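A quick write-up on the structure given underneath.
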Amino acid sequence: MKKVIGMLAVVAFASSMASAELLKNFKYTGAIEVGAISVDNVDYDNNTDDQLNGVLSRVTLGANFDLNDDVNAQVTAIKNARKYGTNPESAINGALDAFNFEEAYLNLKGVLGMDHKLGRQYYGNAGDLVVYYGPLMMPYDPAFTVNAIDGWTGWWNSGKWTANAIIAKTICVNGKVDTNVIGLKGGYNLNEKANLGVYVYQKMVQNTATVKPFTPNDNLNVGGVKVNGKYVGVEYNVEGAMNFGKNTTVATGYAAASKTTKYQGTAVMANAKYAMTLGGKMNFEGEFAMGSGDKTTTDAKVQAFATINSDYRLGFIYGGYQNNAGITNLTTWNVGAHWTPTKVNKLTICAKFYDLKYTEKVGTVTKIGNEIDFGANWQHSEKTSVALSYGMFTPNRDYSFPAGKSAETKLGLDFMVKF
């Protein structure tokens, strides 16, 4: 395995360089994931036969090594194209060709007082409300999707202060169509009770076929603040965000005469978790989130909350299989619990209930529905686990009409092996 990862690392950066030097202080990581799902009643009508089944896999190979005393490199290759039941790959080359280099960057350590990552890389944390680029995880993503960015990120810390910045590109088509992301995030660790954070991101979409070169015709900004910590035994997290910026193209449905729409969306999110001992480790948690929607689409204001690349997902079905990420025009709350019994401490079971509705009506519909999820995870060892998940999404009749009003269900079985 080490030789395979080493070969991938050499190919990713410079095959002409001596591998003995290139792989100095070589370290590798990896994972093999297999996810099986069975989804029933996708159209909310139990009178039709619409059960769907599938098994996918994802192989991750990561390598980190030093180029010199001040620079190291990270390469991550991922293969996630194989579905159970399809034809096998006929040759070694065919299997290797199915790998994509989702990360390939240099890390310049301590240059001008900060670290610099240059190249293709992940950014943010899974589940983030505003921006995340990286592997999506089961059971919230049955397709094993992987996102990444190409660009520069800078990382700095001093005592209780931290900061990072990003200048990156997610789309470039012949130099005519670009999507660029820039941002700055800072934090201060006040004490255990309160960690403070602030951020501002900008996503610029430009099309030089319709506007003069280098003029963004869609300029979305998202600014926000975060506070998290632990107080009297309760872990909490609070976040508020708002949009600003403008779209200089004529957005469909928005004030066609103005040729400019302004972003004015807002969002809030708050959650809390309390741990106690009850025949084992028990965690109770609750959360509320609300993203603004558009009261009208005939003016020059985009009041629906917009994000850079949200990975905030609610429920195995609504946020996972149905792939609804973020809280644009959504008001929701959820409660849940996790329990790890003392006598069977490799097992963790959980349950969670979600209430989902539109912030602003979509047509005549306000209520989306409810979802209840159950899960069980067997942590056989630090690097080997098996998880079982079950979700049931019950739509409001107005939301699912005329298809029906029966619940959609999803059963999942996931295997994870790390190395």
Side-chain angles (χ1 to χ4, degrees), residues 1-15 17 19-37 54-67 71-84 86 88-107 109 115 117-127 132-150 153 311 346 377-389 412-419:
M1 181 60 69
K2 183 175 180 178
K3 291 182 179 179
V4 172
I5 300 174
M7 290 169 59
L8 293 173
V10 172
V11 171
F13 276 102
S15 59
M17 298 177 66
S19 61
E21 281 297 316
L22 187 64
L23 302 182
K24 183 180 179 182
N25 293 328
F26 178 86
K27 298 178 182 178
Y28 74 91
T29 59
I32 300 173
E33 301 163 80
V34 177
I37 63 169
V55 181
L56 283 80
S57 61
R58 178 166 64 189
V59 179
T60 302
L61 303 175
N64 190 279
F65 46 91
D66 291 342
L67 296 179
V71 180
N72 70 334
Q74 172 70 36
V75 178
T76 305
I78 292 182
K79 179 179 180 293
N80 60 352
R82 178 88 166 91
K83 297 180 179 179
Y84 279 30
T86 57
E89 283 135 345
S90 58
I92 293 177
N93 287 341
L96 291 177
D97 287 343
F99 277 90
N100 291 316
F101 287 103
E102 297 294 349
E103 283 191 302
Y105 67 82
L106 302 177
N107 181 27
K109 297 175 286 187
D115 291 351
K117 294 181 180 180
L118 303 170
R120 188 165 181 82
Q121 58 192 280
Y122 302 146
Y123 182 82
N125 299 311
Y132 170 68
Y133 294 94
L136 305 188
M137 304 300 293
M138 280 283 198
Y140 294 100
D141 179 60
F144 283 135
T145 308
V146 180
N147 296 313
I149 56 168
D150 293 297
T153 59
D311 189 44
K346 292 185 177 182
N377 183 78
W378 181 264
Q379 193 69 42
H380 178 73
S381 65
E382 182 182 356
K383 295 186 177 182
T384 304
S385 63
V386 182
L388 180 68
S389 60
L413 181 61
D414 309 309
F415 297 83
M416 167 71 82
V417 177
K418 299 178 181 180
F419 52 88

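Quick caveat: nothing in here was measured; it's all calculated off a predicted structure. Every heavy atom of this structure was used, including side-chain atoms; hydrogens, water molecules and symmetry mates were not.
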(message) Can you tell me if K418 has over 12 outside heavy atoms packed within less than 6.0 Å of its NZ?
(response) no
(request) Would you name the heavy atoms of A36 and D414 that are closest together and state the gap between them? (result) N-OD1, 4.2 Å
(request) Using salt bridge (Lys or Arg N to Asp or Glu O under 4.0 Å) as the criterion, list what pairs up with D115, not counting sequence neighbours. (result) none
(message) Under the rule for salt bridge (Lys or Arg N to Asp or Glu O under 4.0 Å), what residues qualify as partners of R82, not counting sequence neighbours?
(response) none
(message) Is the shortest side-chain heavy-atom distance between L136 and D311 below 4.5 Å?
(response) yes
(message) Can you list everything that forms a side-chain hydrogen bond (donor to acceptor under 3.5 Å, both in side chains) with N25? Sequence neighbours excluded, please.
(response) D66
(request) With sequence neighbours left out, write down each residue that passes side-chain contact (heavy atoms from CB on, under 4.5 Å) with V71, or none if nothing qualifies. (result) L67, N68, L106, L108
(request) Enumerate the residue pairs fulfilling side-chain hydrogen bond (donor to acceptor under 3.5 Å, both in side chains) with a member in residues 136-147, sequence neighbours excluded, ordered by first and then second residue. (result) D141-T145
(request) For residues S57 and I32, determine if any side-chain heavy atom of one lies less than 4.5 Å from a side-chain heavy atom of the other. (result) no
(request) Go through the steps to decide whether F415 and E33 satisfy the test side-chain contact (heavy atoms from CB on, under 4.5 Å), and finish with yes or no. (result) CA-CA 6 Å; F415 297 83; E33 301 163 80; over 6 Å; no
(request) Please identify each residue that fulfils side-chain hydrogen bond (donor to acceptor under 3.5 Å, both in side chains) with N64, with sequence neighbours left out. (result) N72, Q74
(message) Does any part of the side chain of L413, heavy atoms only, come nearer than 4.5 Å to the side chain of V386, both counted from C-beta?
(response) yes
(message) Can you confirm whether Y28 sits close enough to F65 that some side-chain heavy atom of one is under 4.5 Å from a side-chain heavy atom of the other?
(response) no
(message) My understanding is that only residues two or more places apart in sequence, or in another chain, count here; which of them pass side-chain contact (heavy atoms from CB on, under 4.5 Å) with K346?
(response) W378, H380
(request) Please list, chain by chain and in numerical order, all residues satisfying side-chain contact (heavy atoms from CB on, under 4.5 Å) with Y122, sequence neighbours excluded. (result) T76, I78, E102, E103, P135, V146, A148
(message) Please check: side-chain N/O of T86 versus main-chain N/O of K83, any donor-acceptor pairing under 3.5 Å?
(response) yes
(request) Answer whether the closest heavy-atom distance between the side chains of F144 and L56 falls below 4.5 Å. (result) yes
(request) Specify the closest pair of heavy atoms between G412 and L388, including all atoms of both residues, with the distance to one decimal. (result) O-CD1, 3.3 Å
(request) Mind running side-chain contact (heavy atoms from CB on, under 4.5 Å) on Y133 and I149 for me, showing each step along the way? (result) CA-CA 7 Å; Y133 294 94; I149 56 168; 3.4 Å; yes
(message) If the condition is side-chain hydrogen bond (donor to acceptor under 3.5 Å, both in side chains), which residues does N100 pass it with, not counting sequence neighbours?
(response) none
(message) I'd like to check M137 versus R58 (side-chain heavy atoms, cut-off strictly below 4.5 Å). Are they in contact?
(response) yes
(message) Do L61 and F419 make a side-chain contact, defined as non-hydrogen atoms from C-beta onward lying under 4.5 Å apart?
(response) yes
(request) Could you list the residues that satisfy side-chain contact (heavy atoms from CB on, under 4.5 Å) with T153, not counting sequence neighbours? (result) K117, Q121, Y123, W155, I166
